[in-house]
There are 2 protein chains.
Amino acid sequence: MRSTADIIEHYLHHLLDESTDCVIEVQRSCLAEQFACVPSQINYVISTRFTLMRGYVVESKRGSGGYVRIQRVGMPDESVLAHIGVRMSQADSEALLDRLLTERWIDEAMRTVCRAIVSRDTLSLPLPVRDEVRARIMRGVVGALLLARQQEVVGVPSKRNGG
Amino acid sequence: MRSTADIIEHYLHHLLDESTDCVIEVQRSCLAEQFACVPSQINYVISTRFTLMRGYVVESKRGSGGYVRIQRVGMPDESVLAHIGVRMSQADSEALLDRLLTERWIDEAMRTVCRAIVSRDTLSLPLPVRDEVRARIMRGVVGALLLARQQEVVGVPSKRNGG
DNA sequence: TCGTATAATGATCAAAGATAGTCAACATCA
DNA sequence: TGATGTTGACTATCTTTGATCATTATACGA
């Protein structure tokens, strides 16, 4: 059975898909009532599923007339590397891979392979080393992609060997 | 007499045969209850019978709404897996990537990215851990390639962010 | 008009709950 | 007797909940 958090996430995605401008505004307490959960559950969903890494910007206002605004934003090329810190969680790296797929930097196969590589089962290292290695790997991936793009533009004929 | 492990294995195989897309999702605790065994028995069954060697990829999620997903992806090339031991050097992994490229399991882009990932600079771990992680990564790559190939066939239902 | 009290929101954080994983001792089978 | 199977204590991760704090708008009295 899917968790409440999953259901709420799905609902918000649905609203975003319906919206014409990739922005939605909801009321935390209303949503909570609608899904029969405590208000802070909404914060949980937003903080785990609508992160900047996944391509969302969230703003809110308290007090009467308060709201939570969720906006789906595009990915500025150069900002990607900057968003990868010294450590990176599995969730964040999967989010980034999903975005790279959405933005057509990579294809399905690449995402599947990279997802497998950065999974905790594959790395199988104790924290925080695991998250540090994952960050370096994601840097490597994005770095390689950026390089490939540059070469495309300049017209370098697909790198040979390279030993 | 058949062991409990055999019976559970058989049951899971049955579920997989019934499924239309070679994927099943079960709950560890439910299965354990169903077969009157401890939950860790399920892990035993999965780790001994649903290995990559035998053509399965397994993913799971903990917590509320948790599950274990078993996917049949087809048997990997034995000679490929055989080359990946407990440890793998950078040179060996690059050689394997070259071979995968030659045999058209991967394309240039994939090789470039994977080479970057398994380089000692990216992993940046002391030996022998570095070679061990590299071996697991290459194993993950092989499994993911099988998975990706099957996703192509079945057609992925545009899975949204990590659900 | 200004300042303040109050109501209406949303945010944070830590504890509790819900699953699944690991490991090693013990049991059983061939 | 070694290989395979079973068990349970301990661990890791993800979700749910509630107490408490923070912010904003508005009503109201001076």
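In this text the structure is predicted, and so the values were computed from the model without any measurement.
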- Look at B:Arg49 and D:dT4 and indicate whether a side-chain polar atom (N or O) is within less than 4.0 Å of OP1 or OP2. no
- Query: Any donor-acceptor pair under 3.5 Å joining the side chain of A:Arg28 to the base of C:dA11?
  - Reply: yes
- Query: Would you say the side chain of A:Glu94 lies within less than 4.5 Å of the side chain of A:Met53, judging by non-hydrogen atoms?
  - Reply: no
- With axes from five pairs an end, tell me the bend angle of the helix from C:dT1-D:dA30 to C:dA30-D:dT1, nearest 10°. 0°
- Message: According to a hydrophobic-cluster definition based on side-chain heavy atoms being under 4.5 Å apart (Ile, Leu, Val, Met, Phe, Trp, Tyr only), do A:Met138 and A:Leu125 belong together?
- Response: yes
- Message: For a quick check, with a 4.0 angstrom heavy-atom cut-off, what is the B/S/- contact string for nucleotides 17-25 of chain D, read 5' to 3'?
- Response: BB---BBBS
- Message: For C:dG21 and B:Ser60 - does any side-chain N or O of the residue sit under 4.0 Å from the phosphate oxygens OP1/OP2?
- Response: yes
- Item | Distance in angstrom units between A:Glu59 CD and C:dA11 P, rounded | 12 Å
- Among C:dA20, C:dG10, D:dT13, the nucleotide that comes nearest once only the side chain of A:Leu127 is considered: D:dT13
- Considering only heavy side-chain atoms of A:Asn43, the closest of D:dT16, C:dT12, D:dG5 is C:dT12
- Query: To the nearest angstrom, how far is B:Ile42 atom CD1 from D:dG5 atom P?
  - Reply: 14 Å
- Quick one: label B:Arg2 by what it contacts on the DNA or RNA (base, sugar-phosphate, nothing), any heavy atom closer than 4.0 Å. nothing
- Mind checking what makes side-chain contact (heavy atoms from CB on, under 4.5 Å) contact with B:Arg120, not counting sequence neighbours? B:Gln90, B:Arg130, B:Arg134
- Message: So, does A:Arg130 get its side chain near the phosphate of D:dT13, meaning an N or O under 4.0 Å from OP1 or OP2?
- Response: yes
- Check the angle between the aromatic planes of B:Phe50 and B:Tyr56 and answer parallel, tilted or perpendicular using the 30° and 60° thresholds. perpendicular
